[in-house]
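Working notes, structure below.
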There are 2 protein chains.
Amino acid sequence: MNEDMLKASGLRVTSPRLQVLEVFTKHHGALAQSDIENELVDMDRITLYRTLKSFNDKGLIHKAIDDTDKTKYALCHQDCDEEQHNDQHPHFYCIKCHRTECLDEVTAPAVPVPEGYKVTEVQVALKGLCKICS
Amino acid sequence: MNEDMLKASGLRVTSPRLQVLEVFTKHHGALAQSDIENELVDMDRITLYRTLKSFNDKGLIHKAIDDTDKTKYALCHQDCDEEQHNDQHPHFYCIKCHRTECLDEVTAPAVPVPEGYKVTEVQVALKGLCKICS
DNA sequence: TTAGTAAATGAAACAATGATGCAAATATAC
DNA sequence: GTATATTTGCATCATTGTTTCATTTACTAA
């Protein structure tokens with residue numbers, strides 16, 4: 001339950017947080033702040049901003065880079081916490097329906113970096129037509 | 001020469017454009033708008049914004065996604081034009097020197113997407129320690 | 001070389017996002 | 001139930017993205 005997610009992360013259970021979590025569980029893909037604002041019209045902009053920030057910090061959601069200019073967030077499915085995000089899956093942006101989804105089943109491939117570089121994180125942003133639109 | 005790059009792209013040769021190109025050729029990595037503003041203090045903010053936009057549209061520069069929140073741009077080395085960007089190389093963000101560079105030599109690996117998805121573009125953002133900092 | 005014209009600049013103005021400070025409200029622990 | 005530490009909601013400010021418009025400038029073609 002959403003309440004438990006908050007408690008497990010050491011965040012207090014409040015109405016704005018539950019509302020935001022509900023929006024995330026209702027939608028599958030990654031959401032921009034504006035997407036959530038459209039759903040929760042009465043939500044204070046700054047509260048939402050800080051809610052997303054704390055969720056991200058605590059590992060409840062992660063940023064989904066998708067090469068649109070908007071920062072998007074998606075629920076973390078794997079074991080993410082304050083220490084580390086395990087979101088090594090690609091994000092897919094559909095140029096037709098403009099939705100961004102997490103390809104959780106896919107593991108981002110190892111990238112052969114030149115000598116001397118140390119990679120700690122890989123983010124893969126895919127663009128194209130999603131299952132439904134293609 | 002920078003002038004020729006502009007002409008080849010069908011862009012008029014103007015002072016702001018030459019200045020911006022010079023900044024790009026002087027630096028290796030990807031630059032945020034603010035980076036360029038700091039170098040060219042007299043440059044009008046909107047002119048710079050539009051310059052970057054038109055350079056990006058014409059294939060002179062490309063966006064370098066690096067999971068910081070700032071949009072960064074880097075010179076295109078390969079054959080990019082209005083039709084298509086051929087920037088299928090990863091971008092590497094160094095957590096120590098905070099610079100983003102293009103790993104031109106590296107080809108982004110093929111990502112095994114689920115059935116039904118059509119990928120037209122892959123962006124790989126790496127994070128870690130660069131050659132110099134590691 | 002000089003118009004004519006299409007493109008580019010620079011300024012104003014507005015929206016969205018990111019970020020901080022502070023007083024009031026409220027979730028939890030006791 | 002109350003104390004307190006957290007969270008909210010508001011004000012406020014910075015940055016980026018974007019459009020409109022008058023003025024200036026780069027190229028073209030006579």
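Every chain is numbered from 1 and lettered A, B, ... according to where its sequence line falls, protein lines coming before strand lines. The structure presented is a predicted model; accordingly, all values stated were derived computationally and were not measured. Just so it is clear, the values below take in all heavy atoms, side chains as well, and ignore hydrogens, waters and symmetry mates.
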* To do: Could you please spell out the steps behind the salt bridge (charged side-chain N to carboxylate O under 4.0 Å, His left out) verdict for A:Lys63 and B:Asp69?
  => CA-CA 10 Å; A:Lys63 287 190 188 182; B:Asp69 286 329; 3.0 Å; yes
Atom-pair distance ([atom1] on [X]; [atom2] on [N]), nearest Å:
{"X": "A:Leu11", "N": "D:dT6", "atom1": "CG", "atom2": "P", "result": "12 Å"}
{"X": "B:Leu6", "N": "C:dA7", "atom1": "CG", "atom2": "P", "result": "16 Å"}
{"X": "A:Leu48", "N": "D:dT7", "atom1": "CG", "atom2": "P", "result": "16 Å"}
{"X": "B:Asp4", "N": "D:dC27", "atom1": "CG", "atom2": "P", "result": "12 Å"}
{"X": "A:Ile36", "N": "C:dA16", "atom1": "CD1", "atom2": "C1'", "result": "15 Å"}
{"X": "A:Lys70", "N": "C:dA16", "atom1": "NZ", "atom2": "P", "result": "9 Å"}
{"X": "B:Gln19", "N": "C:dG10", "atom1": "CD", "atom2": "C1'", "result": "14 Å"}
{"X": "B:Asp44", "N": "D:dA22", "atom1": "CG", "atom2": "C1'", "result": "14 Å"}

* **Residues A:His89 and A:Glu105: side-chain donor-acceptor under 3.5 angstrom** =>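 There is no such pair (donor and acceptor under 3.5 Å, judged by atom type) between the side chains of A:His89 and A:Glu105.
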* Return yes if a side-chain donor-acceptor contact under 3.5 Å exists between B:Tyr117 and A:Glu101, otherwise no. => yes
* Taking the side chain as C-beta and beyond, is there a heavy-atom pair between B:Lys72 and B:Leu31 under 4.5 Å? -> no
* May I ask you to test the A:Leu126-B:Gln123 pair for a side-chain heavy-atom distance under 4.5 Å? =>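 Not touching, per the 4.5 Å side-chain cut-off.
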* Linking directly or through intermediates, with side-chain heavy atoms under 4.5 Å: list the remaining ILVMFWY members grouped with A:Ile132, chain and number order. => none
Check: protein-nucleotides 20-25 of chain C nitrogen or oxygen pairs below 3.5 Å:
{"residue": "C:dG21", "atom": "O6", "partner": "A:Arg50", "partner atom": "NH1", "Å": "3.2"}

* Among D:dT18, D:dT8, C:dG18, the nucleotide that comes nearest once only the side chain of B:Arg45 is considered -> D:dT18
Under 4.0 Å between a side-chain N or O of [X] and OP1 or OP2 of [N]?
{"X": "B:Ser54", "N": "C:dA8", "value": "no"}
{"X": "B:Gln33", "N": "D:dG17", "value": "yes"}
{"X": "B:Thr47", "N": "C:dA8", "value": "no"}

Atom pairs under 3.5 Å, N or O on each side, protein against nucleotides 23-26 of chain D: can you list them with distances?
{"residue": "D:dA26", "atom": "N3", "partner": "B:Arg12", "partner atom": "NH1", "Å": "3.1"}

* To do: Using the closest heavy atom to pick a nucleotide of DNA chain C for each, name whichever of B:Asp69 or B:Thr51 lands nearer the 5' end.
  =>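 First, find each residue's nearest nucleotide; the 5'-ward one identifies B:Thr51.
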* **B:Tyr73/B:Phe55 aromatic ring centres below 6.0 Å** => no
* Is a side-chain N or O of A:His91 found less than 3.5 angstrom from the main chain of A:Thr100, in a donor-acceptor match? -> no
* To do: Spell out, as yes or no, whether a donor-acceptor pair under 3.5 Å connects the side chain of B:Asp35 to the backbone of B:Ala32.
  =>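 Looks like yes, one N/O pair under 3.5 Å.
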* Structure fact -> Per nearest nucleotide of DNA chain D, the residue lying toward the 5' end, B:Lys7 or A:Met43, is A:Met43
